[in-house]
Amino acid sequence: MKQILLIGIGAGDPDYVTIQAVKALNRVDVFFVLDKGEVKQDLVDVRQEILDRHVDRPYRVVEARDPERDRTAPAYAEAVHDWRRRRADVCEELIRAELADGQTGAFLVWGDPALYDSTLAIIEDILARGAVEFDYEVVPGITSVQALVAKHRTSLNRVGRPVQITTGRRLAEGFPEDVDDVVVMLDAHNSFTGVGDDVQVYWGAYVGTPDELLISGTVGEVGEQIVATRAEARERKGWIMDTYLLRRKP
Ligand SMILES: C[S@@+](CC[C@H](N)C(=O)[O-])C[C@H]1O[C@@H](n2cnc3c(N)ncnc32)[C@H](O)[C@@H]1O
């Protein structure tokens with residue numbers, strides 16, 4: 001039987017890699033890397049640094065081109081579904097062609113595999129198709145959400161209160177009801193600017209990396225500063241990954 005490991009590597013700082021992840025990394029014969037193009041080269045570099053630092057046995061790295069998502073398609077869910085199917089095709093071929101029976105392959109997943117990441121779903125899709133057989137395990141990692149609140153020295157929830165994790169796309173439809181603490185990920189459009197001036201925002205970009213940016217205050221105080229900082233950073237580096245916690249008065 002082939003063995004696949006989905007290893008959460010944390011959301012930026014190579015020191016976020018857990019001891020369990022290091023043990024898992026040292027069971028791997030072949031690492032599969034989906035290359036997202038030059039703008040994300042920094043992310044590939046972090047993965048390589050983790051392997052250089054923590055793996056002390058021979059291994060192979062096999063790279064494949066990550067299929068592009070059609071960001072212009074009007075039907076969002078269909079476009080994501082199509083993208084996932086094409087990624088599953090690529091991953092299935094990697095597992096079929098590059099891994100022998102009895103060997104262990106791994107996908108290094110940014111942050112934690114359970115949070116806004118499609119690798120787990122893709123692995124399940126491939127198994128459901130039935131063309132290749134393998135067993136798989138998930139190794140958890142430090143998410144960007146944990147890294148963000150740690151850097152801001154704040155908690156995710158308030159005493160006995162719920163917290164919700166959502167996307168910029170959802171926040172743009174309105175502040176969620178029945179919850180006052182909301183973490184927003186995958187926001188390409190500064191959706192926090194519409195939530196009200198007295199909402200507290202804890203914002204972070206490239207958290208845990210040398211480019212890390214952190215800003216906090218009320219939206220009224222720091223909203224424009226975040227918009228400007230975000231635009232400047234995106235222009236300078238060519239890509240941005242940012243997350244924020246919004247906290248309104250109950
Ligand atoms: C596809 S999701 C992957 C999340 C990842 N699995 C995790 O556990 O954090 C990508 C989003 O995560 C957030 N993100 C990931 N790494 C980050 C970092 N170092 N700093 C700030 N936000 C980050 C951003 O909101 C980005 O748009």
Side-chain angles (χ1 to χ4, degrees), residues 5-18 20-21 33-37 39-47 49-50 66-69 71 76-77 79-81 83-84 87 91 106-123 138-154 156 163-172 181-193 201-216 226-227 229-234 236-246:
L5 303 177
L6 305 189
I7 306 176
I9 56 167
D13 188 334
D15 282 356
Y16 289 155
V17 175
T18 67
Q20 188 183 33
V33 176
L34 291 187
D35 166 19
K36 290 180 193 290
V39 284
K40 298 277 174 77
Q41 187 57 43
D42 300 21
L43 305 188
V44 175
D45 290 349
V46 172
R47 289 186 169 93
E49 186 185 338
I50 287 170
D66 199 358
E68 292 289 330
R69 197 176 104 199
R71 289 176 194 277
Y76 176 79
V80 170
H81 185 74
W83 180 53
R84 219 173 83 176
R87 295 185 92 192
C91 295
F107 292 91
L108 304 187
V109 179
W110 195 256
D112 183 89
L115 186 65
Y116 287 115
D117 185 274
S118 54
T119 316
L120 196 43
I122 286 169
I123 290 296
V138 178
V139 178
I142 306 272
T143 66
S144 51
V145 177
Q146 292 160 284
L148 174 80
V149 290
K151 291 290 178 150
H152 281 290
R153 300 184 300 179
T154 188
L156 203 47
V163 58
Q164 185 173 117
I165 303 177
T166 190
T167 63
R169 184 178 281 265
R170 291 275 178 163
L171 185 72
D181 295 84
V182 175
V183 176
V184 183
M185 303 177 72
L186 296 157
D187 182 4
H189 302 290
N190 297 309
S191 303
F192 61 86
T193 52
V201 55
Y202 299 90
W203 177 84
Y206 318 107
V207 176
T209 78
D211 296 304
E212 176 177 282
L213 298 165
L214 299 171
I215 298 176
S216 64
I226 294 174
V227 172
T229 305
R230 193 178 187 284
E232 189 277 323
R234 189 163 203 271
R236 179 168 38 86
K237 281 187 67 70
W239 58 276
I240 189 158
M241 275 198 316
D242 61 336
T243 304
Y244 50 92
L245 168 66
L246 295 174

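Whatever order the structure lists them in is the order used to number ligands and atoms, beginning at 1.
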Tabulation required: pairs of a nitrogen or oxygen in ligand 1 and a protein nitrogen or oxygen under 3.5 Å; columns are atom names and distance to 0.1 Å; otherwise 'none'.
from	atom 1	to	atom 2	distance (Å)
ligand 1	6 (N)	Trp110	O	2.9
ligand 1	6 (N)	Asp112	O	3.1
ligand 1	6 (N)	Leu115	O	2.8
ligand 1	8 (O)	Asp112	N	2.9
ligand 1	9 (O)	Ser144	N	2.9
ligand 1	9 (O)	Ser144	OG	2.7
ligand 1	14 (N)	Ser144	OG	3.4
ligand 1	16 (N)	Trp110	NE1	2.9
ligand 1	19 (N)	Ala11	O	2.7
ligand 1	19 (N)	Val207	N	3.2
ligand 1	19 (N)	Val207	O	3.0
ligand 1	20 (N)	Val207	N	2.9
ligand 1	22 (N)	Thr243	OG1	2.7
ligand 1	25 (O)	Leu186	N	3.1
ligand 1	25 (O)	Asp242	O	2.7
ligand 1	25 (O)	Thr243	OG1	3.2
ligand 1	27 (O)	Leu186	N	3.4

Quiz prompt | Criterion side chain to side chain contact (heavy atoms under 4.5 Å, CB included) on Leu156 and Asp181, from CA distance to verdict | solution = CA-CA 8 Å; Leu156 203 47; Asp181 295 84; over 6 Å; no
Quiz item: Could you walk me through whether Asp117 and Phe107 pass the side chain to side chain contact (heavy atoms under 4.5 Å, CB included) check?
Solution: CA-CA 12 Å; Asp117 185 274; Phe107 292 91; over 6 Å; no
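Checked against side chain to side chain contact (heavy atoms under 4.5 Å, CB included), Arg236 has the following partners two or more places apart in sequence or in another chain: Asp211, Glu232, Ala233.
For Arg170 against Thr166, the heavy-atom pair with the smallest separation is CB-OG1, 3.1 Å.
Contact check for Val145 versus Leu115: side-chain heavy atoms found under the 4.5 Å cut-off.
Centroid-to-centroid, the aromatic rings of Tyr116 and Trp110 stay 6.0 Å apart or farther.
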